[in-house]
Protein chains: 2
Amino acid sequence: METTTRVLIYEDNADLRASLSQLLAGAPGLVMAGALGNCTQAEADMERLRPDVVLMDIDMPGCTGIEGLRRIKAVVPGIQVVMLTVFEENDRVFDAICAGADGYLLKKTPPGRLIEAIGEVRAGGAPMTPAIARQVLRLFPKVPRRAPDESPANLSAREQEILGLLVEGYSYKMIAADRGISIDTVRSHIKKIYEKLHVRSMTEAVSKALRQGLT
Amino acid sequence: METTTRVLIYEDNADLRASLSQLLAGAPGLVMAGALGNCTQAEADMERLRPDVVLMDIDMPGCTGIEGLRRIKAVVPGIQVVMLTVFEENDRVFDAICAGADGYLLKKTPPGRLIEAIGEVRAGGAPMTPAIARQVLRLFPKVPRRAPDESPANLSAREQEILGLLVEGYSYKMIAADRGISIDTVRSHIKKIYEKLHVRSMTEAVSKALRQGLT
DNA sequence: GGCGCGACTGCATAAATATGTGAAAAACAG
DNA sequence: CTGTTTTTCACATATTTATGCAGTCGCGCC
C-alpha cells in the first residue's frame, strides 16, 4: 500500500470544489489527483489522473454522479468511490449502492470526518452516515419492514390504488378508463388523497408517495 | 420519546453478560431491562421486559441469535436489535441483515463505542464496523438492476434544476418566482425536459426523476 | 332501524398545464 | 469566427387539474 492516497473530486459547484480541494490537499497522506466539475469524461479522467479514491457529487448537470460511478466501476472497479449528496434520498442511495458505491456521505459532513472517511475506504471500510446505514439495511428486501415512525397516511385501498396510477404517470382520464369508473369519481378520490397527504397537486402527491414508499 | 432507553442483553457467557450489564447500567440515559443467557423465550421476554434496544449475541446454544432476532422482529418489529459477534463472517452478516438486524458490532467493541451505538440505533442509525459496512455494500450487486430503459437523459443544468423544483412540488408560477424568470420561460424549459425524458406530464416527469435518481 | 363512512357519480368554475410557433441574447465548441 | 445549444421571453389555444357543493348506494355498528 502506498503511503499517499490520490483523491479526485467531482463537484459541479466551483466554490465547494475549490474549498474541498484545498482542504484535502492540506491533509497528511492525501494528494489531490484533480477536482472536476463534471464526470462526462469519467473513463478518460481515471486513465489520466489515476486516483485511488473518488469523491463524487451525486447531483451534477450533464452526467449524474450515479452514472459517473457506474462508468468508473466499469473500467476500474478497484477505485474507491464515495458519493456525496445533499439529501439522504432512498432511491438514490439504492441506485448508488447497486452501482457499486463504497461510501455515502452528506455534503455537510465536517471536514475532519471527510478526511477520516477517505482513510476508511482505503482501509476497506464503507463510510456512511448512520441514517444511510440504516437505509441500506432496510433495502434488503428479504424481510420487508414497516417504518415504525412515519404516518401510516391511512389511505383506503382504493386511494392507494389510484395513487399508484398517478405515480405511473396516468392522467385522470386514463385512470377512469383503466379502472372503469367515472372521471368525477377519480377527482373525488384524488381530493381525498390530497387531504390525507397534505398536498395540493399531483406532483406533490407523486413525490410524497415515492419518497415515503407508500405506493 | 422517553428519555431513557431500556436495554436487554442476550449473551451466553455469564461473565461477559455481567460485565456488559454493569457497564451499560452505569451509562446515563440507559437502564437495563434484563440480561439473559439464551433467547429461547424471546417473545415472552419482549412482552415481559419491554426493551427498546436488544444486544444479541449471535452464537448461543439452544437458539441462535439469528433465530432470536427473527422471532423478536416477528412480534415487535419496532425493537432495535444490534447483533454482537466475535467474527465478521460473511454468511452470518448476510443472514442477520436479512432477518432485520439494526446494527452489527464485534464483541471486542470498546465500551464507549457500544454505548454510543445504542444511542445511534435509537436515533434511527445503524451502527456497524467499517468492515461490516463494506460487506453489506458488497452484498448488493448480487441484485443487479437498472432499467434497460434508455438514454442518459442529457438534461442541461437549468433543466435539472427545474426538474428538481417540480419534484419538490413547485408549480410553474412558483418556479418562475423562485428563480426570477418568466413563467413562459419555465414552460419552455419544461417542454424540453418532457422531450428529453419522453414524458408528457409533470407527474410522469417527477416519477421518472425520482425513480432514476436524476434529480 | 338509524348513523356514519367509504366508494361512487354529477355539475360548475377558476386555475394550471400541455403544446405549438416564433425569436433574441448568451454561452460554448470546433 | 461560425454554428449549436442553452436560456430567455411572448402569444395562443386546447386540455387537464383543483375545488366546492350535492347526492346515491352499500356496509358494518350500536
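Just so it is clear, the structure is predicted and the values come from calculations on it, not from any experiment. A note on names: the letters A, B, ... follow the listed sequences, proteins ahead of strands, and every chain is numbered from 1.
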Across the strands shown, which category fits R187(A) at heavy-atom distances under 4.0 angstrom: base, sugar-phosphate, nothing? base
Could you tell me the separation between the CD1 atom of I183(A) and the C1' atom of dA18(D), rounded to a whole number of Å? 12 Å
Please determine whether any donor N or O and acceptor N or O are separated by less than 3.5 Å between the side chain of D184(B) and the base of dC11(D). yes
In whole angstrom, give the distance that lies between atom CD of E159(B) and atom P of dA27(C). 17 Å
How long is the gap from CG on D52(A) to CZ on R122(A), to the nearest 0.5 Å? 4.0 Å
Checking contacts here: which listed nucleotide (dA18(C), dT6(D), dA18(D)) is nearest the side-chain heavy atoms of K196(B)? dT6(D)
What is the distance, rounded to the nearest whole Å, between atom CE of M202(A) and atom C1' of dT16(D)? 9 Å
Report yes if a side-chain nitrogen or oxygen of Y172(B) is closer than 4.0 Å to either non-bridging phosphate oxygen (OP1 or OP2) of dA18(C); otherwise report no. yes
What contact category does H189(A) fall into here, base, sugar-phosphate, or nothing, at under 4.0 angstrom with non-hydrogen atoms? sugar-phosphate
Short question: side chain of Q80(B), backbone of G78(B) - any donor-acceptor pair under 3.5 Å? yes
Determine yes or no for a side-chain-to-main-chain donor-acceptor pair under 3.5 angstrom, with S207(A) supplying the side chain and E168(B) the backbone. no
Using a cut-off of 4.0 Å on non-hydrogen atoms, how would the nucleic acid contact of T185(A) be classed: base, sugar-phosphate, or nothing? base
Shortest side-chain distance from A157(B), nucleotide among dT17(D), dT7(D), dA10(D): dT7(D)
Rounded off to whole Å, could you give me the CD1-to-C1' distance for the I175(B) and dT8(D) pair? 15 Å
Quick check for you: among dT7(D), dC9(D), dT19(C), whose closest atom lies nearest to any side-chain atom of S188(B)? dC9(D)
Heavy atoms under 4.0 Å, any strand shown: does K173(B) hit a base, just sugar-phosphate, or nothing? sugar-phosphate
What about K191(B): does its side chain form a donor-acceptor pair under 3.5 Å with the base of dT21(C)? yes
Quick check on DNA chain D: between K192(B) and T203(B), whose nearest nucleotide comes earlier from the 5' end? K192(B)
Quick one: do E159(B) and S156(B) satisfy side chain to side chain donor-acceptor pair (under 3.5 Å)? Show the steps, please. CA-CA 5 Å; E159(B) 287 158 358; S156(B) 74; 3.3 Å; yes
Does dT19(C) have OP1 or OP2 sitting under 4.0 Å from an N or O in the side chain of R200(B)? yes
Is Y194(A) near enough to dA18(D) that one of its side-chain N or O atoms lies under 4.0 angstrom from OP1 or OP2? yes
Could you measure the distance from the NZ atom of K208(B) to the CD1 atom of I193(B)? Nearest 0.5 Å is fine. 13.0 Å
Just to be sure I understand the rule, does S201(A) reach a base, reach only the sugar-phosphate, or reach nothing, if contact means heavy atoms closer than 4.0 Å? sugar-phosphate
Give a yes/no on whether any side-chain N or O of R179(A) is located under 4.0 angstrom from OP1 or OP2 of dA7(C). no
